[in-house]
Amino acid sequence: MIMGTPAADVWIVTHDGRDLVRADAIVLIRLDDTGRLTAQLRDEARVTVALLEGSASGRPPADFHRQLIRMVSELADSSGAQLVRAQRDQHGWHWVSETL
């Protein structure tokens, strides 16, 4: 997955909430069998960050990484900076966004 420049104002919160990743810096998103979602950043070192830690209970849906791509694409067309984060509630995992 490659995100282009229109996503420059969309930021994604990492799994622990300590870091933000600009969506257009992501060149690869991987959802593994444990439910861990990682993003590889566009840089020479190929840095990878965890967007969501996997767990046996409450795993995200199999298309959770695709849902993120869809949300970033939709938000890239909106005005102003947006923040995206994974959230789990009684209905399961989903992506939520808020204006920065």
Would you say Arg30 and Thr48 make side-chain contact, with heavy atoms under 4.5 Å?
-> no
Considering non-hydrogen atoms only, spot the tightest contact between Gly80 and Asp9 and give its length.
-> O-CB, 3.9 Å
Under the side-chain hydrogen bond (donor to acceptor under 3.5 Å, both in side chains) rule, collect the residues that match up with Asp33, sequence neighbours excluded.
-> none
Closest non-hydrogen atom pair between Ala86 and Leu52, with its separation = CB-CD1, 4.2 Å
Given side chains that start at C-beta, do those of Leu68 and Leu51 come closer than 4.5 Å, heavy atoms only?
-> yes
When rounded to the nearest 0.5 angstrom, what distance separates CE in Met71 from CH2 in Trp95?
-> 9.0 Å
Across all chains, not counting sequence neighbours, the side chain to side chain contact (heavy atoms under 4.5 Å, CB included) partners of Leu41 are Val21, Ile26, Val47, Val49
So how far is it from Gln82 CD to Leu75 CG, rounded to the nearest 0.5 Å?
-> 5.0 Å
Which atom names give the shortest non-hydrogen contact between Ala76 and Val10, and what distance separates them?
-> N-CG2, 4.0 Å
Hits for salt bridge (charged side-chain N to carboxylate O under 4.0 Å, His left out) against Glu53, two or more places apart or cross-chain, chain-then-number order -> Arg36
Considering all heavy atoms of both residues, which atom of Ile12 and which atom of Ala23 are nearest to each other, and what is their separation?
-> CD1-CB, 4.2 Å
side-chain hydrogen bond (donor to acceptor under 3.5 Å, both in side chains) partners for Thr38, two or more places apart | none
Is the shortest heavy-atom distance from the side chain of Leu37 to the side chain of Pro60 under 4.5 Å?
-> no
Minimum heavy-atom separation for Arg42 to Val27, with atom names?
-> CB-CG1, 3.5 Å
Residue list, side chain to side chain contact (heavy atoms under 4.5 Å, CB included) with Leu100, at least two apart or on another chain = Trp11, Ala81, Leu83
Any residue meeting side-chain hydrogen bond (donor to acceptor under 3.5 Å, both in side chains) with Asp16, in chain and number order, not counting sequence neighbours = Thr14
Tell me, please, which residues at least two apart from Gln87 pass side-chain hydrogen bond (donor to acceptor under 3.5 Å, both in side chains).
-> Arg85
Verify side chain to side chain contact (heavy atoms under 4.5 Å, CB included) between Ile29 and Ile69, making sure each step is shown before the conclusion.
-> CA-CA 9 Å; Ile29 293 180; Ile69 295 168; 4.3 Å; yes
Could you name each residue pair satisfying salt bridge (charged side-chain N to carboxylate O under 4.0 Å, His left out) that touches residues 62-73, not counting sequence neighbours?
-> none
What one should report as the nearest heavy-atom pair of Pro61 and Gln67 is CG-NE2, 3.7 Å
